[in-house]
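Below: one structure, written as structure tokens.
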Amino acid sequence: MEDAAATPNPRLVITDALGRRIIPIDKPLFSIGRRSETDLRLPGADISRVHAEITLENGQCTIRDKQSRFGTFINNERTNEKVLAHGDQIRFGQANDTEIVFFVDDEAPSVERSAISAASELRQMAALLEALRALGSGRVLDEVLALVLDSAIEVTGAERGFIMMANKSSGQLEFKLSRARGKVTLSGRTFETSRKIPEQVFATGKQTIVEDLLDGDLAQLHTGTVALGIRHVLCTPLRLVRYVERAEQKGTDELIGVLYLDSRERGALRSASATAALDTLSAEAALAIENARLYREALDKAKFEQELKVAAAIQQSLLPVANREGAFFSTAAASVACRAVGGDFFDYVDLPTGRFAFILGDVAGKGSPAALLAAAVLGMFSSEATYQTGAATLITRLNTGLFRRAIESRFLTTFYGMLGPDGAFTYCNAGHNAPLLVSGSEIRRLETGGVVLGLFEHATFEEESLMLKPGDLIIAFSDGVTEALDPAGEEFTDDRLLACARAHLGESPQQVLDALLADVRTFCADATQSDDVTVVMVKYNGS
């Protein structure tokens, strides 16, 4: 296969809605289609993703149809394969609004050739953005913007330029980058010029050319720009063309920003070749910029997700080992967050008095804020539990600690209990779902306590003391259990929890826990988990 130089300057001259542009056939295999990876990318429902290809071999160019749906035509005759001759007219599909002619002689004008080179470079960057993910660079968007500006300044002869992008939320234009000749980044986050022209171009979607700002009333409208000596302005919209997969679908266009260029020389940007070159460039620039923006968003999302994974691992490390076997007790517990991190928490502590204590809580809200407050409460609990002899006293200290840290609009429910070797059990319930005490065939709720923590600084709390018998089981849980939803929106309810407890009387804490979680999963089926689910079971085995 010979080099492209074997045929003198083979190229395609294309005339369409974007103007006239010249695409060199400078490689042995030149692809044409709707995909961004093709060498010549054409819009339209008639164009297949890879429509045709041109091979350069033995000094001649041969075009081959790639089994396209609407065909490839040479001089209005459909063909599957044909050697191209100078002056051949090429058409892809049924559309007649794009004129493509094959040439092998005279070179393209230098300005258009620069535009072709710039557009080709941008097209390659758009196709390679997926591979750039491996670099992990957050500066890809900045690099693409700089390339667009440098290319636009080169092909039009402008002195300087800037790019403004539409904010996805507000829809307003935001300044992104400004450059001058010589690939110089201009200092500052703003650009000394009037916003009237770029905002008008963005609103109308039409290119604006001002030959001389000193003519007529323009000088009064753009006094700041004129004061800088700027005479000529060329501003074009950055239009993202979204292509379709099927012929019956309609493509959509989206304005994502504007490209602004200016010069102090009157009429410097007025030439037809300059504006045609900018049209060629802006179409590829919009795609490259959008791909770079999406890449940066994906990179930011990946970093955020990684941070959440680390946070989830840290939160799990703060929780104790779920299963404990003591001299007079045994436990089983589980906590499943509905997001990466959650607001439910539990902890165990061995008290200096020989008693075993445990706490379970539920912070209002979900996600990272709730998880941070849960971690703070666990820290306060660890420092207070060994010093407070009463359940109500400990809960009061936690409530005071929340107010001392001045955490606004954050409160939590919690249950704290202390179990002794002789079966003496003292607890305090601060607004939490009442745990169940399963004693033989009898089930009672543990409700004594007070209001939720964090609402009232001087709230008072009560405690209750009971005597447990060997085999008694305490089931503490968060509202994520009883309020779990099935696909129809019905809640699991306390009744189903009670039924599960009765059905597994006399079993170990782990067996009861496994059965309860299985019932919840079966009930919810494929419904999305809407709240954190936490269960702590403590069984008194006797001294």
Side-chain angles (χ1 to χ4, degrees), residues 1-44 46-68 70-93 95-128 151 154-155 243 273 276-277 279-281 283-285 287-288:
M1 187 171 291
E2 295 187 5
D3 186 78
T7 300
N9 305 314
R11 66 202 187 281
L12 300 175
V13 178
I14 303 173
T15 305
D16 57 12
L18 296 177
R20 179 175 177 267
R21 60 191 189 276
I22 302 174
I23 308 296
I25 302 174
D26 53 4
K27 53 192 301 188
L29 183 63
F30 185 90
S31 58
I32 302 166
R34 199 175 69 239
R35 292 180 58 183
S36 60
E37 293 85 356
T38 54
D39 299 298
L40 173 58
R41 187 181 184 198
L42 297 174
D46 288 357
I47 308 299
S48 299
R49 301 183 71 181
V50 179
H51 197 106
E53 65 182 19
I54 298 175
T55 58
L56 179 56
E57 186 176 6
N58 298 325
Q60 64 183 17
C61 289
T62 303
I63 188 168
R64 294 184 179 89
D65 185 82
K66 298 294 290 183
Q67 297 182 333
S68 64
F70 293 99
T72 298
F73 298 81
I74 308 298
N75 301 322
N76 291 323
E77 292 185 5
R78 185 163 185 167
T79 182
N80 291 324
E81 180 176 336
K82 187 178 187 302
V83 176
L84 292 173
H86 175 74
D88 277 348
Q89 295 184 353
I90 306 172
R91 175 164 54 87
F92 300 103
N96 295 313
D97 55 353
T98 299
E99 177 185 309
I100 303 176
V101 183
F102 176 74
F103 283 98
V104 294
D105 52 7
D106 302 329
E107 291 189 356
S110 59
V111 172
E112 292 191 51
R113 189 167 59 250
S114 299
I116 293 165
S117 176
S120 176
E121 188 174 359
L122 283 168
R123 186 165 57 250
Q124 292 174 22
M125 177 166 284
L128 290 174
S151 301
E154 179 183 355
V155 302
Y243 298 100
S273 59
D279 284 338
T280 301
L281 180 65
E284 299 296 342
L287 178 64

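When the side-chain hydrogen bond (donor to acceptor under 3.5 Å, both in side chains) test is applied to Gln89, no partner is found at least two apart in sequence or on another chain. Applying the side chain to side chain contact (heavy atoms under 4.5 Å, CB included) criterion to Arg78, with sequence neighbours excluded, gives Phe73. In this view, Ser31 and Asp39 satisfy the side-chain hydrogen bond (donor to acceptor under 3.5 Å, both in side chains) rule, not counting sequence neighbours. Under the rule for a side chain to side chain contact (heavy atoms under 4.5 Å, CB included), the partners of Ser48 that lie at least two apart in sequence or sit in another chain are His51, Ser68, Arg69. Every side-chain hydrogen bond (donor to acceptor under 3.5 Å, both in side chains) that Arg64 has, sequence neighbours left out, goes to Thr55, Glu81. Remark: Asp88 engages Asn75 in a side-chain hydrogen bond (donor to acceptor under 3.5 Å, both in side chains) (not counting sequence neighbours).
Using a 4.5 Å cut-off on side-chain heavy atoms (C-beta onward), Leu12 and Leu40 make contact.
Nearest heavy-atom pair, Thr72 versus Ala52, reported as atom, atom and distance to 0.1 Å: OG1-CB, 3.9 Å. Considering all non-hydrogen atoms of both residues, Phe30 and Pro24 come closest at CE1-O, 3.6 Å. Closest heavy-atom contact between Gly33 and Thr38: O-OG1, 3.5 Å. Between Thr79 and Asp65 the shortest heavy-atom distance is O-CB, 3.8 Å. For the residue pair Leu56 and Lys27, the shortest heavy atom distance occurs at CB-O, 4.0 Å.
One distance of note links CD1 of Ile25 with CD1 of Ile63; it measures 8.0 Å at 0.5 Å rounding. Here Leu42 contributes atom CG and Phe92 contributes atom CZ; the two are 6.5 Å apart, rounded to the nearest 0.5 Å.
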**OP:** Show your reasoning for whether side-chain contact (heavy atoms from CB on, under 4.5 Å) applies to Thr62 and Ile54.
**Re:** CA-CA 5 Å; Thr62 303; Ile54 298 175; over 6 Å; no
Original post:
Would Phe102 and His86 count as a ring-ring contact (aromatic ring centres under 6.0 Å, His included) if you check the C-alpha gap in whole Å, the side-chain angles of each, and the deciding distance to 0.1 Å?
Top reply: CA-CA 6 Å; Phe102 176 74; His86 175 74; 7.7 Å; no
**OP:** Apply the test side-chain contact (heavy atoms from CB on, under 4.5 Å) to residues Ile23 and Arg11: give CA-CA distance (whole Å), side-chain angles for both, the deciding distance (0.1 Å), then the verdict.
**Re:** CA-CA 6 Å; Ile23 308 296; Arg11 66 202 187 281; over 6 Å; no
Original post:
How far apart are the C-alpha atoms of Glu53 and Lys66, what are their side-chain angles, what is the distance that settles it, and do they pass the side-chain contact (heavy atoms from CB on, under 4.5 Å) test?
Top reply: CA-CA 7 Å; Glu53 65 182 19; Lys66 298 294 290 183; 3.8 Å; yes
**OP:** For Leu84 and Ile74, run side-chain contact (heavy atoms from CB on, under 4.5 Å): C-alpha distance rounded to whole Å, both residues' side-chain angles, the deciding distance at 0.1 Å, then the answer.
**Re:** CA-CA 8 Å; Leu84 292 173; Ile74 308 298; 4.0 Å; yes
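Environment of NZ in Lys82: crowded, with over 12 heavy atoms of neighbouring residues, nucleotides or ligands closer than 6.0 Å.
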